Protein chains: 2
Amino acid sequence: MRKYKISEIVVKRLPLYLRCLTYLDKMGVPTISSHELGHKLGIKPSQIRKDLAYFGEFGKQGIGYDVSYLRGEIRHILGLTEHIKVAVVGAGKLGQALSDYILLKREDFDIAAVFDRDPAKIGMEVGGVKVSPIENLKEIIQEKEIQMAIVTVPANAAQKVVNLLVDAGVRGILSFAPIAVTVPEGVRFYNVDFTMELQSLAYYLTGQGKNEY
Amino acid sequence: MRKYKISEIVVKRLPLYLRCLTYLDKMGVPTISSHELGHKLGIKPSQIRKDLAYFGEFGKQGIGYDVSYLRGEIRHILGLTEHIKVAVVGAGKLGQALSDYILLKREDFDIAAVFDRDPAKIGMEVGGVKVSPIENLKEIIQEKEIQMAIVTVPANAAQKVVNLLVDAGVRGILSFAPIAVTVPEGVRFYNVDFTMELQSLAYYLTGQGKNEY
DNA sequence: TAGGTCATGAGAAATGTTTCACAAATCGTG
DNA sequence: CACGATTTGTGAAACATTTCTCATGACCTA
């Protein structure tokens with residue numbers, strides 16, 4: 001059953017399971033075993049069972065997991081029972097792409113506000129809302145009780161924007177800015193930097209990494 | 001010195017160090033200790049020292065690391081000594097944003113080709129090159145000897161595109177498609193799915209994750 | 001209903017990763 | 001030069017994660 005503390009590495013795998021279960025559910029697959037699920041995801045079945053066991057008992061011996069039920073349980077664990085409001089800071093191409101994708105999918109998240117510094121972008125419609133000036137960030141975030149934000153501003157503005165967000169009360173931040181940013185305790189910060197991903201991929205093209213297989 | 005096999009978790013931290021060192025170098029900082037670097041990155045100094053020690057001895061006792069020299073060594077380890085050619089498949093907003101960013105930075109990577117299925121996009125200039133039809137993918141990738149690719153196509157096209165890329169000889173793929181994809185051995189595949197990041201962030205807003213501090 | 005097959009959940013073992021602790025090297029200062 | 005303050009690289013220890021193994025329960029078929 002539920003332990004005192006779940007490690008982040010386990011929490012990060014839940015969305016992976018969720019994504020696959022949502023797909024299977026849409027396909028009408030009624031049940032799946034940890035073995036099959038693991039095969040699809042390139043993960044050992046025992047790991048899936050152990051991960052899920054931190055949160056409860058969701059499977060049936062001899063059968064596996066009910067796809068639709070397990071999907072609901074994982075959504076519940078992750079707190080995705082109702083749509084979560086997200087603010088996007090930075091209405092450049094990346095901010096637009098992410099916002100529009102969230103709007104299109106209409107799953108789990110709602111774009112509640114988009115901010116930019118550039119006057120030319122203010123008023124543009126992105127992700128289904130009008131772009132607001134960054135000066136109004138705190139006011140709007142507090143008024144709409146937004147708790148989560150996506151940052152797609154240039155590196156040199158990232159720390160300043162993150163400070164603004166934290167000051168406004170945001171507790172979870174996903175940054176795409178290619179720079180290290182610090183946040184106070186109590187705020188969760190993830191950084192997605194695709195150039196870092198490319199750089200580590202590059203290592204495996206050198207031949208140095210070949211021994212890994 | 002160099003061990004037989006370096007774990008992926010270590011390789012993935014090198015770009016983090018590199019990003020910080022590049023910044024410090026630009027700022028004119030001559031040397032940095034593992035303690036200072038760790039403080040900036042939220043990592044323990046001992047971890048940085050151990051990571052680097054897999055590849056050689058780069059520091060001086062009592063001094064720390066020469067920023068410029070260490071930066072060069074890490075770039076060398078990652079195989080970033082010359083620009084690496086990258087193909088981008090999917091010329092939507094995300095593909096454009098990523099391509100244009102790489103073109104703008106002109107660091108480590110060159111956009112050598114951009115592909116799309118949509119005839120309306122063919123010929124558009126993205127990332128400094130003209131968008132080519134996906135039918136020409138294999139021909140162009142082989143002609144230009146492209147070894148790395150970024151995939152920004154919708155989920156339902158991702159596996160097909162990845163198959164094409166692998167068939168054309170690409171050995172490292174960074175996919176932004178929100179779906180599980182399989183690749184044969186010998187091809188390294190990373191998946192960046194920002195909705196999965198948001199979902200795991202959501203967990204820490206539930207209060208369930210509060211115990212983590 | 002009995003026997004065979006399948007698949008979970010959980011404890012134990014194996015493996016991997018992070019952190020500690022310290023000898024050795026470097027510098028600055030008196 | 002000698003000493004104190006730093007800081008690396010590394011082996012050992014601590015900690016975390018993954019994998020194995022197996023008792024148990026569920027279904028199916030005859």
Side-chain angles (χ1 to χ4, degrees), chain A residues 1-14 16-17 20-21 24 29-71 73-74 77 200 209 211-213, chain B residues 1-14 16-17 20-21 24 29-71 73-74 77 200 209 211-213:
Chain A
M1 283 301 291
R2 184 70 166 72
K3 300 295 185 309
Y4 180 66
K5 177 183 153 177
I6 310 290
S7 84
E8 178 164 330
I9 203 163
V10 172
V11 173
K12 284 229 165 188
R13 272 194 298 263
L14 295 182
L16 187 66
Y17 303 155
C20 197
L21 290 166
L24 291 167
V29 177
T31 61
I32 191 163
S33 65
S34 58
H35 184 86
E36 285 175 281
L37 187 57
H39 182 76
K40 284 181 186 297
L41 298 173
I43 283 181
K44 288 268 191 305
S46 52
Q47 178 159 80
I48 294 173
R49 294 204 302 274
K50 174 123 346 227
D51 283 351
L52 296 176
Y54 283 113
F55 302 96
E57 305 191 2
F58 306 112
K60 283 210 181 70
Q61 289 171 335
I63 308 293
Y65 300 91
D66 181 290
V67 169
S68 178
Y69 171 70
L70 182 57
R71 173 170 182 269
E73 289 296 302
I74 293 181
I77 292 165
S200 50
N211 303 327
E212 293 245 15
Y213 293 109
Chain B
M1 283 301 293
R2 185 69 166 72
K3 300 295 185 309
Y4 180 68
K5 177 183 153 177
I6 310 288
S7 83
E8 178 164 329
I9 203 162
V10 172
V11 173
K12 284 230 165 188
R13 273 194 299 262
L14 296 181
L16 187 66
Y17 303 155
C20 196
L21 290 166
L24 292 167
V29 177
T31 61
I32 192 164
S33 66
S34 59
H35 184 85
E36 286 176 279
L37 187 57
H39 182 76
K40 284 182 187 296
L41 298 173
I43 283 182
K44 288 268 191 304
S46 53
Q47 178 159 78
I48 294 173
R49 294 203 301 277
K50 179 137 318 240
D51 283 351
L52 295 176
Y54 284 114
F55 302 96
E57 305 191 3
F58 307 112
K60 281 210 182 70
Q61 288 171 336
I63 309 291
Y65 300 90
D66 181 290
V67 169
S68 178
Y69 171 70
L70 182 57
R71 171 169 185 271
E73 288 297 302
I74 293 181
I77 292 164
S200 50
N211 304 328
E212 292 246 13
Y213 292 109

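Keep in mind the model is a prediction, meaning the values are calculated, not measured.
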_salt bridge (Lys or Arg N to Asp or Glu O under 4.0 Å) contacts in which one or both residues fall within residues 43-56 of chain A, not counting sequence neighbours_ = Arg13(A)-Asp51(A)
*Heavy-atom distance under 4.5 Å between the side chains of Leu37(B) and Cys20(B), does that happen here?*
yes
*Counting side-chain heavy atoms from CB outward, which of dT18(C), dT7(D), dG9(C) is closest to Arg13(B)?*
dT18(C)
*Which distance, rounded to the nearest 0.5 Å, do you find between the OG of Ser68(A) and the CG of Leu24(A)?*
11.5 Å
*Can you list the residues that meet the salt bridge (charged side-chain N to carboxylate O under 4.0 Å, His left out) rule with Lys12(A), with sequence neighbours excluded?*
Glu197(B)
*Please report, rounded to the nearest Å, how far the C1' atom of dT26(C) is from the CG atom of Asp66(B).*
15 Å
_Working to the nearest 0.5 angstrom, can you tell me the gap between Leu41(A) CG and Leu16(A) CG?_
4.5 Å
*Would you kindly give the CG-to-C1' distance between Leu37(A) and dT8(C), to the nearest whole Å?*
14 Å
*Out of dG9(C), dT10(D), dT17(D), which has the shortest distance to the side chain of Tyr65(A)?*
dG9(C)
_Closest to side chain of Lys50(B), choosing from dA10(C), dT10(D), dT18(D)_ = dT10(D)
*Leu52(B) near the nucleic acid: base, sugar-phosphate alone, or nothing, with a heavy-atom cut-off under 4.0 Å?*
nothing
*asked:* Can you measure Glu8(B) atom CD to dT15(C) atom C1' for me and round it to whole angstrom units?
replied: 17 Å
*OP1, OP2 of dT17(C) versus side-chain N and O of Ser7(B): anything below 4.0 Å?*
yes
*asked:* Rounding to an integer number of Å, can you tell me how far Lys5(B) NZ sits from dG16(C) C1'?
replied: 10 Å
*asked:* Lys40(A): which residues meet the side chain to side chain donor-acceptor pair (under 3.5 Å) condition with it, sequence neighbours left out?
replied: none
*Quick one: is Arg49(A) getting a side-chain N or O under 4.0 Å of the dT8(C) phosphate, OP1 or OP2?*
yes
*Does anything in residues 38-48 of chain A reach DNA chain C, meaning a heavy atom under 4.0 Å, and if so which residues?*
none
*What pairs with Glu36(B) under side chain to side chain contact (heavy atoms under 4.5 Å, CB included), at least two apart in sequence or on another chain?*
Ile32(B), Ser33(B)
_Of the listed nucleotides (dT17(C), dT18(D), dG9(C)), which one gets closest to any side-chain atom of Glu57(A)?_
dG9(C)
*Does Ser34(A) make a side-chain N or O approach to OP1 or OP2 of dT8(C) shorter than 4.0 Å?*
yes
_Partners meeting side chain to side chain contact (heavy atoms under 4.5 Å, CB included) with Thr31(A) (sequence neighbours left out)_ = Ile63(A)
*Euclidean distance, atom CG of residue Asp51(B) to atom P of dT10(D) [Å, nearest integer]*: 13 Å
*For the pair made of OH in Tyr54(A) and C1' in dG9(C), what is the distance, rounded to whole Å?*
13 Å
*What integer distance in Å separates His35(B):NE2 from dA5(D):P?*
17 Å
*Rounded distance (Å) that lies between atom P of dT18(C) and atom NZ of Lys12(B)*: 14 Å
*Contacts of type side chain to side chain contact (heavy atoms under 4.5 Å, CB included), residue Phe58(A), not counting sequence neighbours*: Leu52(A), Phe55(A), Tyr65(A), Tyr69(A), Leu70(A), Glu73(A), Ile77(A)
So which protein nitrogen or oxygen atoms get under 3.5 Å of nucleotides 25-27 of chain D's nitrogens or oxygens?
from: dG25(D); atom 1: O4'; to: Gln61(A); atom 2: OE1; distance (Å): 2.3
from: dG25(D); atom 1: N2; to: Gly62(A); atom 2: N; distance (Å): 3.0
from: dA26(D); atom 1: O4'; to: Gln61(A); atom 2: O; distance (Å): 3.0

*Residue pair Ile74(B) / Leu14(B): nearest heavy atoms and the distance that separates them*: CG2-O, 3.9 Å
